[in-house]
Amino acid sequence: MKLDELVALLRRRGVLWPSAEIYGGTQGLYDYGPLGTRLKQRIEDAWQSWFLGLSEDYHLIQPAELLPEPVVRASGHLENFTDPEVTCGHCHAVFRAETVLEKVRPEGVDGLSPAEIGEIVTRHQLRCPSCGSTELTVPRPFNLMFGLDFGVTGRERVYLQPETAQASYLSFARMWDVGRRTLPLGVAVIAHAYRNEIAPRQVLFRMRAFTQAELQIFFDPTDFPVPFSDVADELLPVVRARDRLAGREEVRRVAARELAGAGELPEFYVYHMVQSYRFYRDVLRHPAERIRLFEKSDQERAFYNRIQFDLEVQLESLGGFKELGAIHYRGDYDLGRHGQGSGHDLSVVPTGRPRVLPHVLELTFGVDRNLWALADAHLTVEGDRTYWKLPSYLSPVPVGVFPLLKKEHGPAARSVAERLRSAGIRAVVDTAGSIGKRYARMDEAGTPFGVTVDGETVEAASPNHGTVTLRERDSRAQERVPIDRLAERLRPFFVPPRPGGTRAD
RNA sequence: GCGGUUGUGGUCUAGUGGUUAGGACGGUAGCUUCCCAAGCUACCUACCCGGGUUCGAAUCCCGGCAACCGCACCA
């Protein structure tokens with residue numbers, strides 16, 4: 001589906017819309033409606049179920065979303081999240097200072113003040129890369145973090161967190177104390193991150209306020225055991241950085257054991273590549289051929305990342321592979337920086353092992369982007385039929401209950417819905433229009449099961465008394481099910497998969 | 001941020017200076033209907049915002065906001 005069509009559909013169904021829409025909207029901000037909010041919750045639940053299911057020592061925490069200035073200074077965001085800019089006075093193009101100064105200062109512009117950058121521009125008579133003019137103005141700093149006044153004096157500064165990972169690092173010492181004092185230790189966060197993006201684009205793909213689900217795994221680099229034999233045979237669709245540099249962009253399917261062979265990628269890293277890949281394939285149900293693990297080269301990845309593969313899915317609405325998550329091996333950069341910044345040594349002594357400053361493996365997941373991807377991948381148009389093939393455990397509304405005839409069967413339908421709700425299954429009753437129209441509405445909202453109450457349900461003399469029709473969304477197949485058995489019949493479909501578990505549907 | 005294009009009910013759209021701003025889909029209510037968007041009736045909802053030109057602006061001009069495409073950007 002094209003971008004515009006998808007946006008229109010999602011808006012019409014109340015999945016999402018621009019924030020402050022009655023004022024004309026606000027760039028980079030979106031609100032979720034009823035369906036979107038539920039879908040997002042279910043995506044987060046599925047993510048938790050999968051990734052926290054990897055170990056009993058992986059825990060979810062919920063941090064404040066404001067970071068005091070010393071934290072972002074230590075993390076590097078105060079200096080590195082600042083992109084010095086150079087503006088051309090002639091053609092008004094804007095460039096990163098790093099780009100303009102590339103030739104005369106290949107080591108980059110980190111640590112330079114705007115005045116120093118301006119001085120270099122003048123001294124070397126640098127020209128605008130676009131029009132060749134020398135009218136390049138002195139850059140002014142632009143930080144992608146939102147800074148806020150804090151406290152009554154207004155002199156303290158805090159920043160909206162630009163990534164949720166910092167919260168995990170900040171809590172590591174506490175988590176070590178309240179936990180079992182073993183490595184690996186996982187600290188997950190699902191929360192908003194905020195970035196003052198220069199150009200928000202593509203709806204949910206670059207927003208100024210967005211939700212990240214991230215798992216930071218702290219581990220001893222000399223000892224990170226994983227059940228590698230469980231994943232060794234998995235074929236991973238990878239694009240290696242060195243292949244790209246050699247001009248080969250295509251996906252290769254490589255066995256996990258081969259990727260980890262010859263000591264090239266650590267087993268713990270490949271293991272988590274597989275688990276991430278399986279999450280996209282088996283939980284979010286993206287077709288395997290649309291998923292790839294895209295390795296970032298030394299130049300492309302952040303300097304503290306030792307290994308980085310982005311998890312990308314091919315999206316029709318955005319015309320190509322898009323990054324929906326990533327696996328970052330960040331080394332000891334984060335705990336090292338915060339150890340220095342706070343003066344609180346973050347190295348630990350696991351039982352029976354020498355003192356170690358833990359390394360970090362980060363599994364990061366963009367919740368909003370993935371919500372979009374689920375619409376892109378699973379909203380299906382066939383002729384005049386539109387249905388959203390969401391996995392049942394992700395569907396905002398699991399069950400629709402319909403009286404075949406509004407008057408005659410309405411009370412019975414409401415009673416069936418109430419019984420499902422008592423059993424913990426959310427069910428909504430729809431009485432408007434014909435039965436076909438209600439099925440169509442339900443299909444478009446991604447509701448996997450329709451329950452129809454008809455004459456036989458309520459007619460005491462009928463052999464089908466007390467049974468209803470259960471309709472499955474994708475196949476449109478129908479079967480007769482006793483009301484008494486409905487909840488137990490449906491419940492397994494609403495449990496999100498866990499790693500190593502079996503699939504319900 | 002730069003350039004281009006665009007902005008009409010919830011959605012898609014007709015309307016190029018004077019229209020009761022039209023249609024389709026949709027929604028609501030009623031009738032009908034015993035299983036896949038049927039039909040009938042009624043109702044609902046719109047010219048992105050602010051200035052200007054004009055006797056008169058959805059329409060022309062300026063500014064703003066927003067979206068899309070390209071560039072740039074995306075620790």
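All chains are named by letter (A, B, ...) in the order of the sequence lines, taking the proteins before the strands, and each is independently numbered beginning at 1.
As judged by a 4.0 angstrom heavy-atom cut-off over every strand, A/Arg11 is placed among residues touching the sugar-phosphate backbone only. Among the protein residues, A/Asp384 comes within range of the nucleic acid bases, having at least one heavy atom under 4.0 Å from a base atom. Using a 4.0 Å heavy-atom criterion, one finds that A/Ala302 contacts the bases of the nucleic acid, with or without backbone contacts as well. A/Leu404 comes within 4.0 angstrom of a nucleotide base, judged by non-hydrogen atoms across all strands.
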Is there any protein nitrogen or oxygen under 3.5 Å from a nitrogen or oxygen in nucleotides 26-32 of chain B, and what are the pairs?
residue	atom	partner	partner atom	Å
B/G26	OP1	A/Lys437	NZ	3.4
B/G27	OP1	A/Arg441	NH1	2.5
B/G30	OP2	A/Lys406	NZ	3.0
B/C31	OP1	A/Lys407	NZ	2.8

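Shown for residues 466-478 of chain A: residues whose heavy atoms fall under 4.0 angstrom of RNA chain B, namely A/Thr469, A/Arg471, A/Arg476, A/Gln478. Contacts with RNA chain B (heavy atom under 4.0 Å) in residues 203-214 of chain A: A/Val203, A/Arg206, listed by number. Residues of residues 454-461 of chain A having a heavy atom closer than 4.0 Å to RNA chain B, listed by number: A/Asp454, A/Gly455.
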Q: Report, as a single string ordered 5' to 3', how protein heavy atoms within less than 4.0 Å touch nucleotides 41-48 of chain B: B base, S sugar-phosphate only, - not at all.
A: --------
Pairs under 3.5 angstrom only: tabulate donor-acceptor contacts from the side chains of residues 394-404 of chain A to other protein residues two or more places apart or in another chain.
residue	atom	partner	partner atom	Å
A/Ser395	OG	A/Pro391	O	3.4
A/Ser395	OG	A/Gly446	O	2.8

Side chains of residues 407-418 of chain A: which donor-acceptor pairs under 3.5 Å do they make with residues two or more places apart or in other chains?
residue	atom	partner	partner atom	Å
A/His409	ND1	A/Leu405	N	2.9
A/His409	NE2	A/Gly455	N	3.3
A/Glu418	OE1	A/Arg421	NH1	2.9

Below 3.5 Å, can you tabulate the donor-acceptor pairs from side chains in residues 425-432 of chain A to any protein atom, sequence neighbours excluded?
residue	atom	partner	partner atom	Å
A/Asp430	OD1	A/Ala432	N	3.1
A/Asp430	OD2	A/Arg441	NE	3.0
A/Asp430	OD2	A/Arg441	NH2	3.2

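A/Leu170 meets the side chain to side chain contact (heavy atoms under 4.5 Å, CB included) test with A/Leu67, A/Val71, A/His338; sequence neighbours excluded. With sequence neighbours excluded, no residue forms a side-chain hydrogen bond (donor to acceptor under 3.5 Å, both in side chains) with A/Arg485.
No N or O donor and acceptor, one from the side chain of A/Tyr23 and one from the base of B/C65, sit under 3.5 Å apart. Looking at A/Glu163, its side chain comes within 3.5 Å of the base of B/A75 through a donor and an acceptor atom. One can find a donor-acceptor pair under 3.5 Å joining the base of B/A75 and the side-chain atoms of A/Tyr304.
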(Q) Give the dot-bracket line for RNA chain B from 5' end to 3' end: parentheses for intra-strand Watson-Crick or G-U pairs under 3.5 Å, square brackets for crossings, | for inter-strand pairing, dots for unpaired. (A) (((((((..((((....[...))))((((((.......))))))...(((((..]....))))))))))))....
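Counting only residues at least two apart or on different chains, no salt bridge (Lys or Arg N to Asp or Glu O under 4.0 Å) pair has a member in residues 364-383 of chain A.
Cation-pi geometry between A/Arg385 and A/Tyr387 is met: the NZ or CZ atom falls under 6.0 Å from the ring centre, inside 45° of the normal.
When the side-chain nitrogen and oxygen atoms of A/Ser434 are compared with OP1 and OP2 of B/A38, one or more of them lie within a distance under 4.0 Å.
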